Amino acid sequence: MNIFNLYKDHITGIVNNLVAAGTLPKGLDLSKVAAEPPRDFAHGDLATNVALVLSKPAGKNPRDLANLLLDPLKKLPGVTEVSIAGPGFINLRLAASTWADTLRHVLTIGTRFGDADVGQGAPINVEYVSANPTGPMHVGHARGAVVGDALAGLLAKAGFKVTKEYYINDAGGQVNSAARAVRMRYMQVLGRITEEDFQAALARKEVEYGGSYLIPIAETLAKRDGDKWASGDESAWLEPIKTFVVAEMMAMIKDDLAALGVQHDVFTSEKALLSAGKVDAAVKTLEDAGLMYTGVLEPPKGKTPDDWEARPQRLFKATEFGDEIDRPLQKSDGSWTYFAGDIAYHKDKMDRGFAQLVNVWGADHSGYVKRVKAAIKAFRSNAAELDVLLCQMVRVLNNGEPVKMSKRSGTFITMRDLIDEVGKDVVRFIMLTRKNDAPLDFDYAKVTEKTRDNPVFYVQYAHARGRSVFRHAKELWPDIDLSDVGLAQAKLDLLADPDEIGVLRTMAAWPRIVEQAALTHEPHRVAFYLGDLAAQFHALWNKGNDAAELRFLLADNQPVSLARLALVRGVGLVIASGLGVFGVEPVEEMR
RNA sequence: GCGCCCGUAGCUCAGCUGGAUUAGAGCACAUGCCUUCUAAGCAUGGGGUCGCAGGUUCGAGUCCUGCCGGGCGCGCCA
């Protein structure tokens, strides 16, 4: 139940009636008509821009149009007052029973409150994490993982049919490098070379990955296969070791993701796409469409390409679809570029029936967005809508001091480090307190502090306080039914304090937040909403300190107490509903 | 050089996909509030030419153009 949508429908109904009666012209575009909470509730409970939006097409000035709508609006159910303000806004005041009804509704459906149907069951694919299987995940991956997972949760709540997907880059040069590094570590494990030998090879750039995390993998390999791969040239051992490394890395990554509470529905392998011939097929589709040609690219500007060599290559006409330059799909050795594989991958997603795609990437991939969108557009017949969410850097701090990170020295912070340090729920919530395209500071001292400026604590504390009230209520009235069903029977019209009504108004906005955050792909809005709701609840709580008659529990007034318990429970349910979108557990009490 | 993202109070950031004479929070600063549901909190106050300059609009922090400043990226890496 979204009361704003409800009244928007009422309003468009009224307009349609006036059109039918000939008072207003036919063919008005009602898509921009909105019913929303006013900036200041002193103006009313709900405001609509209908007169402003329809003014021009209806050929009437906004205030005249508003006057036409005045009477029918007054007759709407639950409307107690209608006024015209400013340039032509119409403010509606709603009956007090509206808020009681909302609360009763929350108590009845629980954390399902906020579920919306804007998605209308449409399939949508959210691809996130997709970290290379060459090493452990770091904080940047954690942000992408949380943003993608929360967005998926949000879209599901808004009525989309969501598939959570991970693309395994197991076919390119990176995994070859990882396999070579593991092979060398394996030789070290077998005692054929020393750590010094390894470091020397690293310095000579004979191996790319120097991280010690590869040693246990080499040990496992040695345990499984003995010295089977110690002799022979690369052609003999590269493929089997690569397969082994990718499997080990993916197991580790899935383990880390599980620790973060992230679980993908589908893992798609780049290598599998290749061997199934899907890359060849995708490129052939482009060839057949006349979107490929052989050409020579200009050298890239701005940086000095010391090994630049102009050579003719097979190019995709990306510029026809909004990209800056045409893009090569084949390397000089004849193998496909990463982009070619990605084209096939996105085509595959579209072929699987997704008309809406979301990719969550690190901001360092920003230059890649246009070419993928171009590729998608090139498959005109079933081109999907792609939105790419670029996540900015996460700066890890400890009490304001930047934590130095360097892969070389091995002091970089892994995702697992973060989770072990502060817990998965804190990681998840904090990662959502900034919009994805803004840089984020993650201070692992501050995010566990119990202060106002720690948003996780603040929201959890509100929930815990609510539970605390119930513990007291049970002591006070052991025999009263304090279940949600029981509380829904309370005399909710006893909630009359302006701040109580204010909280109810905010609760009633939750379904609207879900819809908007889902449609704009902005899960961070949920975090800010929860902060607002928590703030109002804390304020209400403290009013009880200043004025005893405003306390939730009044020993001598059970009816009012029950109504307020219903309110407290409602706030708790909405917080739980919001945290549920993030995959965060609400806490019963603070310890 | 080009592309993408960002520029809002001393600091960190919101701003509901253009709306309503006073642009909002938090931190920091000042002052108040605990024999009473967790004061781990709340209330009040000062503080902003929304980077700059144009434009579109009945109406712009929000859209367009140019400039300034910061981040990221720019063939055969992924």
Side-chain angles (χ1 to χ4, degrees), chain A residues 32 34 36-40 43 47 49 52-53 55-56 61-62 85-89 91 130-132 134 169 171-175 177 270 296-303 305 307-311 313 315 323-325 327-328 330-335 337-339 341-342 362-370 388 390 392-393 433-435 437-439 441 449-455 457-458 461-462 464-466 468-473 476 509 512-513 516-517 519-520 522 524-525 528-529 531-532 535 538-546 548 551-554 564 568 589-590:
Chain A
K32 295 186 104 176
E36 47 194 21
R39 184 168 292 191
D40 185 348
H43 296 139
N49 61 356
L52 291 162
V53 172
S55 153
K56 193 172 280 179
N61 87 51
F89 277 96
N91 293 317
S130 299
N132 284 344
T134 55
N169 301 136
Q174 297 290 321
V175 280
S177 298
E270 181 185 8
V296 180
L297 287 175
E298 294 290 310
K301 302 269 166 58
K303 71 174 200 177
D307 60 343
W308 172 264
E309 198 184 327
R311 63 168 53 122
Q313 5 181 26
L315 300 173
D323 200 1
E324 274 88 48
I325 56 169
R327 304 289 177 177
Q330 237 172 347
K331 303 181 195 173
S332 46
D333 68 359
S335 66
T337 59
Y338 178 78
F339 182 44
D342 221 8
D364 54 342
H365 289 67
S366 62
Y368 196 70
V369 175
K370 276 192 180 178
V388 180
L390 297 172
Q392 284 291 338
M393 294 274 293
T433 54
R434 287 286 107 93
K435 50 189 170 203
D437 51 12
D441 283 352
E449 264 175 18
K450 292 165 175 173
T451 61
R452 172 70 178 93
D453 59 325
N454 176 3
F457 161 76
Y458 192 69
Y461 185 35
R465 273 182 151 178
S468 166
V469 176
F470 271 81
R471 288 191 289 272
H472 284 269
L476 200 54
R512 202 177 116 84
I513 299 291
Q516 294 186 331
L519 291 175
T520 54
E522 293 184 346
H524 74 278
R525 290 193 195 193
F528 285 94
Y529 169 77
D532 288 346
H538 287 304
L540 197 57
W541 177 290
N542 273 84
K543 269 191 111 181
N545 286 344
D546 299 336
R551 295 168 68 78
F552 298 132
L553 299 180
L554 305 173
R564 288 179 180 166
V568 171
E589 57 185 319
M590 307 305 295

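Below, chain A is the first sequence line, B the second, and so on; all start at residue 1. These numbers were taken from a predicted model, which means no experiment stands behind them.
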If the plane angle is over 60° it's perpendicular, under 30° parallel, otherwise tilted; pick one for [X] and [Y].
X: A:Y461; Y: A:F457; result: parallel
X: A:H538; Y: A:Y458; result: tilted
X: A:Y368; Y: A:F339; result: perpendicular

Take A:L519 and A:Y338, find for each the nucleotide of RNA chain B with the closest heavy atom, and name the residue whose nucleotide sits nearer the 5' end.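 Comparing both residues, the 5'-ward one is A:L519.
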
Heavy-atom nearest nucleotide on RNA chain B for A:Q330 versus A:A47: which residue maps closer to 5'?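 Going by which nucleotide is closer to the 5' end, it is A:A47.
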
In terms of side-chain heavy atoms of [X], which of [options] is nearest?
X: A:A539; options: B:C37, B:A78, B:C42; value: B:C42
X: A:R452; options: B:C27, B:C13, B:C37; value: B:C27
X: A:R434; options: B:C42, B:U12, B:G3; value: B:U12
X: A:Y458; options: B:C42, B:G15, B:G19; value: B:C42
X: A:F457; options: B:G19, B:C6, B:G41; value: B:G41
X: A:A438; options: B:A14, B:A78, B:G75; value: B:A14
X: A:D546; options: B:C58, B:C33, B:A78; value: B:C33
X: A:N91; options: B:A20, B:G26, B:G41; value: B:A20
X: A:S366; options: B:C4, B:A14, B:A20; value: B:C4
X: A:E324; options: B:G41, B:G3, B:C37; value: B:G3

Strictly by Watson-Crick or wobble contacts shorter than 3.5 Å, is anything paired with [N], and which nucleotide is it?
N: B:C2; result: B:G73
N: B:G61; result: none
N: B:A23; result: none
N: B:U56; result: none
N: B:G7; result: B:C68
N: B:G41; result: B:C33

Under 3.5 Å, is there any donor-acceptor pair linking the side chain of A:D364 to the base of B:G73?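 Side chain to base: no pair present.
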
Kindly indicate whether the side chain of A:N454 and the base of B:A40 share any N or O donor-acceptor pair separated by less than 3.5 Å?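 By the distance-only test, no, there is no pair.
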
Mind checking A:T451 for me? I need base, sugar-phosphate or nothing, with any heavy atom below 4.0 Å counting as a touch.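 Answer is sugar-phosphate: A:T451 comes under 4.0 Å of backbone atoms only.
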
Using the rule side chain to side chain contact (heavy atoms under 4.5 Å, CB included), only one of A:V388, A:D437, A:L390 pairs with A:S366; which is it?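 Looking at A:V388, A:D437, A:L390, the match for A:S366 under the side chain to side chain contact (heavy atoms under 4.5 Å, CB included) is A:L390.
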
Indicate yes or no: at least one non-hydrogen side-chain atom of A:H472 is less than 4.5 angstrom from one of A:L553.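 Yes, side chains in contact.
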
